[in-house]
Each structure stands twice: as C-alpha cells, then as structure tokens.
Asks: 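Take a look at the following structure, please.
Remember, it's a predicted structure, so these values are computed and weren't measured experimentally.
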Amino acid sequence: MSYWADVALGVIEGITEFLPISSTGHLLLAENWLGARSDTYNIAIQAGAILAVTLIYWRRIVGLFTGLGEAENRDYMTKLGVAFGITAILGLLVKKMGFELPETVMPVAIALVVGGVWMIVAERLAERKPDCAAITMKVAIAVGVAQIIAGVFPGTSRSASTIFIAMLLGTTNRAAATEFAFLVGIPTMYAATAYELLKQLGGEAAHEDWTALGIAFAVSTVTAFVAVKWLLGYIRTHRFTIFAWYRIVFGGALLVLVAAGVVA
C-alpha cells in the first residue's frame with residue numbers, strides 16, 4: 001500500500017475524531033477501500049488526534065493545575081475527575097464483558113443517522129433554556145456515562161454524545177460544553193490508548209510498518225489541530241446543525257452502499 005493511503009487515513013482520523021461526526025464510520029469506510037490496518041496503527045493515529053487537542057488546551061490545562069488554590073479551579077478539576085472516573089470504571093466493566101467494536105458498516109450507519117436527528121432535537125431543546133456556562137456535578141456524571149455509550153455504540157461519536165448531554169442538562173453554552181467534553185476526553189483517550197497499546201506490545205506491534213505508522217500519526221496530529229481550532233471558532237457563532245445534517249446524509253449514503261453490496 002502506498003504511503004499516500006497513510007496520509008489519507010491520518011487526515012480522516014484528524015478531521016473526524018473530535019468533530020461530532022464519528023471517526024469510526026469514516027475509518028471503516030476508508031478501510032473498505034484502502035485496506036484494513038492493525039490495531040496498533042489505529043491506536044497510533046488516534047493518539048495523534050489526542051496530542052493535537054492537548055496542545056490546543058495546554059494553557060487551560062496548566063492554568064487548572066497551577067490554580068488549584070482557587071475554589072473555582074478545584075471545583076472544575078473535581079468534576080473532570082468524576083467524569084473521567086466514571087468512564088474508567090464503566091470502561092473496564094465493558095471490557096470485562098468482552099465488548100468489541102463492530103467490523104461492519106451497518107450499525108455505524110444507523111448510529112450516524114439516529115445521532116444526527118438527536119443532535120438537532122437536543123440543540124433546539126437546549127436553546128429554550130437560558131445561556132449557562134457552568135458545569136454541574138449532574139453534567140459531569142452524565143458526560144462520564146456518555147463517553148461509554150459512545151464507545152459501546154460506534155457511530156454515536158464521543159464528542160457529540162458528551163457535548164449534547166451537557167447542553168441538555170444545563171450547560172447550554174456551546175463553547176463551555178465543548179471545552180468540558182474535550183478536556184474530559186484528553187485523559188480518557190490517553191488512558192484507553194495506553195491500555196490498548198500495552199496489549200499490542202510484543203504481539204503485532206513487533207511486525208508494524210513504523211514508517212507508515214509515523215506518517216499517519218504526524219498527519220493525524222496536524223489535521224486534528226487545524227480541525228479542532230476551526231471547530232472552536234465556528235461554534236461561537238454557529239449551531240451544530242451542519243454536523244447533524246452531515247451525519248444524516250453520510251449515514252444514509254452508507255446504508256445505501258451496504259444495501260448495494262459496495263461495502264460490508
């Protein structure tokens with residue numbers, strides 16, 4: 001496979017990991033045409049996207065840790081910890097139950113369409129409430145649970161599920177809900193990536209094409225940085241509607257491709 005395929009997969013992961021459109025659906029479709037990649041490879045390109053978001057929020061992260069003397073920062077960090085803790089505990093339970101991501105497009109396509117409709121409804125309901133940037137404990141708990149739901153039902157989108165549950169439960173300010181969802185996602189995804197990578201060491205990782213992996217990782221990092229920067233600016237003045245309709249159209253197209261036997 002040409003290294004251009006690694007560039008393409010890095011771009012797809014970088015754009016879709018944090019935008020509320022589901023990276024799983026896009027990568028499954030891409031792998032139908034470009035060829036399936038190893039678990040180590042997929043973990044690495046996801047790590048590139050996480051690194052990008054960490055770089056974007058580094059000032060906020062440092063500010064939270066260095067400002068723990070302030071009650072506001074301690075409260076915010078506590079809620080981040082609660083959301084992460086819930087995700088970690090439930091995530092381990094899901095692993096123990098033997099859950100695995102689907103290798104077929106159909107369930108992801110359905111989740112894309114259903115999630116798109118849910119986004120439109122959820123945002124309209126949130127807009128009926130006063131603008132609020134506060135993160136309550138209820139929101140923190142719900143965001144932790146939402147991350148697991150997104151993992152159990154690929155195509156849901158981790159960012160979409162966490163942002164919109166926060167908005168529905170009171171954090172109606174899009175920027176505030178997105179920031180909390182992304183900050184919770186950083187330790188969650190680092191932990192999940194480290195867990196999966198440790199399982200691969202000594203196994204398929206020993207036979208990995210590290211040049212291809214490095215290219216995809218670098219492209220994913222740069223692309224995710226640009227995509228998230230754009231998203232954070234966009235949502236300050238726009239709704240998420242464009243992403244919801246994109247999900248509905250893309251999911252519908254996938255259903256048609258499945259029915260036609262083009263993808264499995």
Asks: Nearest 0.5 Å please: distance from the CD atom of Q46 over to the CG atom of L51.
Replies: 12.5 Å
Asks: Which atom pair, heavy atoms only, marks the closest approach of T172 to A126?
Replies: CG2-O, 3.5 Å
Asks: Kindly work out whether a path of hydrophobic side-chain contacts (I/L/V/M/F/W/Y, heavy atoms less than 4.5 Å apart) joins L55 to Y190.
Replies: yes
Asks: Is a donor on one side and an acceptor on the other found under 3.5 Å between the side chain of K95 and the backbone of L90?
Replies: no
Asks: Would you name the heavy atoms of I15 and T223 that are closest together and state the gap between them?
Replies: CG1-CG2, 3.4 Å
Asks: List the atom of V263, the atom of L254, and the distance in Å for their closest heavy-atom pair.
Replies: CG2-O, 4.4 Å
Asks: Please confirm whether the backbone N or O of I12 pairs with a side-chain atom of T16, one donor and one acceptor, at under 3.5 Å?
Replies: yes
Asks: Report, as yes or no, whether the 6.0 Å neighbourhood of atom NZ on K138 holds more than 12 heavy atoms from other residues, nucleotides or ligands.
Replies: no
Asks: Looking at I45 and A216, what are the two nearest heavy atoms and their distance?
Replies: CG2-CB, 3.3 Å
Asks: Can you tell me if E17 and S23 form a side-chain donor-acceptor pair at under 3.5 Å?
Replies: yes
Asks: State plainly whether one hydrophobic cluster holds both M106 and V256, where clusters connect Ile, Leu, Val, Met, Phe, Trp and Tyr through side-chain heavy atoms under 4.5 angstrom apart.
Replies: no
Asks: Return the CZ to CD1 distance between R158 and I163, rounded to the nearest 0.5 Å.
Replies: 8.0 Å
Asks: Quick check: are there more than 12 heavy atoms from other residues, nucleotides or ligands sitting under 6.0 Å from CG of L93?
Replies: yes
Asks: In terms of ring plane angle, is the pair F250 and H26 parallel, tilted or perpendicular, where the classes change at 30° and 60°?
Replies: parallel
Asks: How far does OG1 of T221 sit from CD1 of I50, to the nearest 0.5 angstrom?
Replies: 9.5 Å
Asks: Is a donor on one side and an acceptor on the other found under 3.5 Å between the side chain of R174 and the backbone of E123?
Replies: no
Asks: Decide yes or no for I56 and F182: does some side-chain heavy atom of the first lie under 4.5 Å from some side-chain heavy atom of the second?
Replies: no
Asks: May I have all residue pairs that pass salt bridge (charged side-chain N to carboxylate O under 4.0 Å, His left out) and include part of residues 237-255, sequence neighbours excluded?
Replies: E127-R239
Asks: If you count heavy atoms of other groups shown closer than 6.0 angstrom to OH of Y246, is the number above 12?
Replies: yes
Asks: Side-chain heavy atoms nearer than 4.5 Å, only ILVMFWY residues, links allowed to pass through others: does that put V226 and L19 together?
Replies: no
Asks: List the atom of V143, the atom of A166, and the distance in Å for their closest heavy-atom pair.
Replies: CG2-CB, 4.2 Å
Asks: Evaluate the ring planes of F164 and W118, with Trp represented by its six-membered ring, and classify them as parallel (under 30°), tilted (30 to 60°) or perpendicular (over 60°).
Replies: perpendicular
Asks: Around atom CZ of R60, are there more than 12 heavy atoms from other residues, nucleotides or ligands closer than 6.0 Å?
Replies: yes
Asks: Are any of the side-chain nitrogens in E31 or R37 under 4.0 Å away from the carboxylate oxygens of its partner?
Replies: no
Asks: When you group the ILVMFWY residues by side-chain heavy-atom contacts below 4.5 Å and let the links chain together, are Y234 and F240 in the same group?
Replies: yes
Asks: Given the rule that I, L, V, M, F, W and Y join up when any side-chain heavy atoms are under 4.5 Å apart, are I86 and I149 in one cluster?
Replies: yes
Asks: Please tell me if the side chains of V219 and D6 come closer than 4.5 Å, counting only heavy atoms from C-beta onward.
Replies: no
Asks: Taking CH2 in W245 as the centre, count heavy atoms belonging to other residues, nucleotides or ligands within less than 6.0 Å. Is the count above 12?
Replies: no
